[in-house]
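Note sheet for the following structure.
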Amino acid sequence: MKKKVLLMGKSGSGKTSMRSIIFANYVARDTTRLGATIDVEHSHVRFLGNLVLNLWDCGGQESFMQQYCTQQPDNIFRNVEVLIYVFDVESQELERDVHYYQSCLEALLHNSPEAKIFCLVHKMDLLAEDQRDLVFKVREGDLIGLSKPGNVTCFRTSIWDETLYKAWSSIVTMLIPNVAALENSLTHFANVIEADEVLLFEKATFLVISHCQSKKNRDSHRFEKVSNIIKQFKLSCSKLGAKFQSMEVRNNAFAAFIDTFTSNTYVMVVMSDPTLPSEATLVNIRNARKYFEELENPNNIAMNHHNHKYH
Amino acid sequence: MSYEHEDYPEDPFPKDFGYGAYDQDGLDLEPNASSNSETKPRILLMGLRRSGKSSIQKVVFHKMSPNETVFLESTSKIVKDDINNSSFVQFQIWDFPGQIDFIKPPFDSDMIFRGCGALVFVIDAKDDYIEALRKFKDTVIEAYKVNPHIKFEVFIHKVDGISDDSKMESQRDIHQRSSDDLSEAGLDQIHLSFHLTSIYDHSIFEAFSKVVQKLIPQLPTLENLLNIFIPNSGIEKAFLFDVVSKIYIATDSSPVDMQAYELCCDMIDMVIDLSSIYSSEETAFDSGSSSLIKLNNNTILYMREVNKFLALVCILREENFNRQGVIDYNFICFRDAISEVFELRLKRQKQLQNPDHDDDELADDHGITMGGRLNHDNDPATVSRAP
């Protein structure tokens, strides 16, 4: 199942940087080496087996922007599932940004009226910490007004912290076809093994694609934080040419297990009883694998059954 | 008190080294507790303005992310930072504003340099360093006059983005010039150490590790303990970490692979970050803290809590982890040995405050306890290896 995702915004707003961090394992510091995107860069990202994100990274220099909207609007804006529009929070030419945004929006609403729209107010790290909330609230209000009659969801992002994972996780989860079934099964799994919390990560990006919790946690940003923490560690391992297979972290209050799960996911199980032997939880995770594998790839399994019958 | 002056001139943990349950006793017996903080040995962080001193301090001891340091404002007064209650490394970092000429009055160089363990002088490698070297020379001469035991450490800083060749070139040049300067002043006997550092990678932690290790009198004992623990447990490399700063205060005698050290640093970061989410920030590192990571190249990373400041991170082959029981048992022996090393120190301090005690007896006590402990530590491991 292919889904077309448009990534747009003014030149230098950070589109390619964030794409590289989320999908190509870049460290935030490495993005300084990226050059400007010329025209449109297509990339196909396999996500959870049968879902393929067809990512159109559209270079943002003015000549390109005009071209997209006037010369080839059908080509660009047809069959779009998601538009992600990136704004540089420190941009000096806000009016011009808005002008291009509205042109794109118009073309999109005309060609793909069903598309979901996300605006990312990016480079929030350039603002002092106490200003970030205020500035974002103002921008969000403006953007919602400007986008009418379209519906827009806004996120504040920075490649230097976990906010990037929050935004992309929300965007991607929306594209997963059987996300409800996944969540139900995950809740069931969590109940059976008496876990406080279970998170499901996509293997390559470490975005949280599903979660369930049975115990309250005071930190509402923890999913993206965990994504960020684990992804950073994964990158540290890759410096040595290694990948981690599993990890266990515990103290007197909790025990967390992160393990390879299905062929496209990692799972994290958080238990609040640290006296429980690790092996018990690990066995439970191992046993659940097959079931989730089936859930993830219903076609493959059905096909296998089918073939089986006729042989 | 003469004992202390003769034998432990640069004692970095003079009164309370803050070891768990024992430190209360130590503190209570302290007769002049009020003067304590003033006499505590310090690491001084000095250098020209905008050389990166505050950034170093924030990144190493306050977990600030390197890119956030661009928001730091220029330091305008001396900042004394006590890193006592959270870290094993009980040091005061004095961050001197670069523009102050602290050698001339009204600054009391005696007050600044006395009881100072190490002087870290930060030189910006991307800047012209002639001015910095001039200031460095003046500082060294002044400091040496007041306190000849002080260790001089030069951080050639901001070397990120500089090619390896020019890094080595500036280090060689700075080394040459500063040595020439000192011999001109007739101070050939002063030993200078040089470190290439950047806050954007782990070199700054590595450099601080080396600085701090020189100030830990127990270092040979700790290394010895690690050298015994490691081969008997089938471990390839182990670092004893100060958890808060990610400085390693000791490692075994096998060579340090920078990449392995970085991975261990990142592991500690990961463990503490995850633990602060699922317990709380204050209790992220507690007596039950441990972590086990399996990598796909047949390697295992294993972390255990040693005491409330220290953690041991081990790197080992997967097949050697089959005998986790042996490793855990040996670890407990190792941990007990470490706590005895520090317990002893407190005992000595207490006795120092009690003039009736004989110093000789004290010295004997030291030797016996250490020897006994080491042998003991070896026993279980040897036994367990037999089958």
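Here is the naming used below: chain letters follow the sequence lines, and residue numbers restart at 1 for every chain.
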Region of B/Q259 that comes under 4.5 Å of a non-hydrogen atom in chain A: both
Part of B/I300 within contact of chain A (heavy atom distance under 4.5 Å): neither
Option that, when pairs with chain B are counted at under 4.5 Å, heavy atom only, ranks first among A/L240, A/D219, A/D196: A/L240
Max heavy-atom pair count under 4.5 Å with chain A, selected residue of B/P66, B/G288, B/S289: B/G288
For chain A, the option from B/L292, B/L301, B/L263, B/D286 that forms the most heavy-atom pairs under 4.5 Å: B/D286
Proximity breakdown for B/M267 and chain A, heavy-atom pairs closer than 4.5 Å: both
Side-chain donor-acceptor contact under 3.5 Å, A/S158 with A/R132: no
Distance-only side-chain donor-acceptor flag, A/E224 / A/N228, under 3.5 Å: no
B/F309 and B/V244, any side-chain heavy atoms less than 4.5 Å apart: no
Interchain contact, A/V270 with chain B, by part (heavy-atom threshold 4.5 Å): side chain
Which atoms of B/S287 approach chain A - backbone, side chain, both or neither, heavy atom under 4.5 Å: both
Atom group of B/T299 that falls short of 4.5 Å from chain A, counting heavy atoms: neither
A/N264 side chain to A/T262 side chain, donor-acceptor N/O pair below 3.5 angstrom: no
Pairs of heavy atoms under 4.5 Å with chain A: top-ranked of B/Y200, B/Y278, B/F285: B/Y278
Chain B contact via A/M271 - side chain, backbone, both or neither, heavy atoms under 4.5 Å: neither
Option in B/I277, B/V271, B/N297, B/D273 with maximal non-hydrogen atom pairs under 4.5 Å from chain A: B/I277
Distance-only polar pair, side chains of B/D201 and B/S203, donor-acceptor under 3.5 Å: yes
Under 4.5 Å from any heavy atom of chain B - which part of A/L127: backbone
Side chain proximity check, B/D124 to B/R50, heavy atoms < 4.5 angstrom: no
Any donor-acceptor N or O pair under 3.5 Å, side chains A/N191, A/S214: no
Top of A/M247, A/K243, A/R222 for chain B proximity - count of heavy-atom pairs under 4.5 angstrom: A/K243
Polar side chain donor-acceptor pair, A/S263 to A/E293, under 3.5 angstrom: yes
Under 3.5 Å side-chain donor-acceptor pair for B/T69 and B/K58: no
pair A/V208-A/M268: side-chain heavy atoms closer than 4.5 Å: no
Toward chain B, the part of A/Q232 with a non-hydrogen atom under 4.5 Å: neither
